[in-house]
Protein chains: 2
Amino acid sequence: MSRFGMNVKFTAKPGERDRLVDILLEGEDAMQAMEECELYIVNVSDTEPDVIWVTEVWSSPEAHRSSLDHQDTKASIARAMPLIAGVEPTIIRPVGGKGLRF
Amino acid sequence: MSRFGMNVKFTAKPGERDRLVDILLEGEDAMQAMEECELYIVNVSDTEPDVIWVTEVWSSPEAHRSSLDHQDTKASIARAMPLIAGVEPTIIRPVGGKGLRF
């Protein structure tokens with residue numbers, strides 16, 4: 001089973017980036033406990049003030065998909081939606097490097 | 001000192017992706033030993049056969065910059081250049097999540 005990676009570019013509505021960052025980090029405690037979530041990093045841009053990049057690595061595509069079914073995740077998504085102007089996900093597959101166990 | 005993150009999209013010349021992946025992973029042993037390199041993941045795309053995404057996190061912008069001055073890095077870059085059709089770096093700043101020590 002190959003890993004599942006995703007870089008997601010969120011564009012927040014003007015002035016809403018920091019509230020959106022807080023919501024995107026709400027699930028952090030749950031993810032720390034979830035072995036199948038290997039990486040979940042929320043990043044901002046110092047040149048694009050409305051942009052957030054989320055870097056995710058999951059043990060499999062199924063692990064990622066089932067995370068979206070959690071009740072808490074659904075609640076966070078519902079709270080985030082009104083703050084979001086755009087979402088551009090890029091699906092990738094990690095093949096090597098430092099920071100994951102290869 | 002804030003962390004330095006980067007998502008780099010490489011487009012390889014047709015048929016050269018796997019050779020480019022190998023070169024991008026040459027520095028892995030050195031990076032494993034470098035504390036200031038917190039994350040360096042080479043990813044491929046299952047839908048774009050010439051594309052490679054590299055996810056990097058360094059302890060500071062200076063740590064990243066000085067890594068480019070290493071003799072071995074310079075040699076890898078020189079070998080990679082003829083295989084590369086395009087490079088698009090996106091500079092980001094990690095603010096929280098799982099997989100780094102925040």
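Chain identifiers are assigned alphabetically (A, B, ...) following the order of the sequence lines, protein sequences preceding nucleic acid strands; residue numbering begins at 1 within each chain. For the numbers below, each heavy atom of this structure counts, side chains included, while hydrogens, waters and symmetry mates do not.
With values rounded to the nearest 0.5 angstrom, B:Ile41 atom CD1 is found 5.5 Å from A:Phe102 atom CZ. From B:Asn43, atom CG reaches atom CZ of A:Phe4 across 11.5 Å, with rounding to the nearest 0.5 Å. Summarising the geometry, atom OG1 belonging to B:Thr90 is positioned 5.0 Å from atom CH2 belonging to A:Trp53; distances are rounded to the nearest 0.5 Å.
A:Leu100 and A:Val8 fall into different hydrophobic clusters, where Ile, Leu, Val, Met, Phe, Trp and Tyr side chains are chained together by heavy-atom contacts under 4.5 Å. Cluster annotation: B:Val51 and B:Val87 are assigned to distinct hydrophobic clusters (Ile/Leu/Val/Met/Phe/Trp/Tyr, side-chain heavy-atom contacts under 4.5 Å, transitive). A continuous path of Ile, Leu, Val, Met, Phe, Trp and Tyr side chains, each step under 4.5 Å between heavy atoms, connects B:Ile84 with B:Leu25, placing both in one hydrophobic cluster.
Between A:Ile91 and B:Thr47 the shortest side-chain heavy-atom distance does not fall below 4.5 Å. When side chains are defined from C-beta on, A:Arg93 counts as touching B:Asp46, because their heavy atoms get closer than 4.5 Å. Between A:Val95 and B:Val21, the closest side-chain pair of non-hydrogen atoms falls below 4.5 Å. For the pair A:Ile92 and B:Val44, the minimum side-chain heavy-atom distance is 4.5 Å or more.
Heavy-atom pairs under 4.5 Å with chain A were tallied for B:Ile52, B:Val57, B:Asn7, B:Val54; the largest tally goes to B:Asn7. Ranked by heavy-atom pairs under 4.5 Å with chain A, the first of B:Gly27, B:Gly96, B:Gly99 is B:Gly96.
Side chain of A:Lys98 to backbone of B:Met34: a donor-acceptor contact under 3.5 angstrom is found.
Other residues, nucleotides and ligands place no more than 12 heavy atoms under 6.0 Å from the CG atom of B:Asp72.
The contact between B:Leu39 and chain A is made by backbone and side chain atoms together, counting heavy-atom distances below 4.5 Å.
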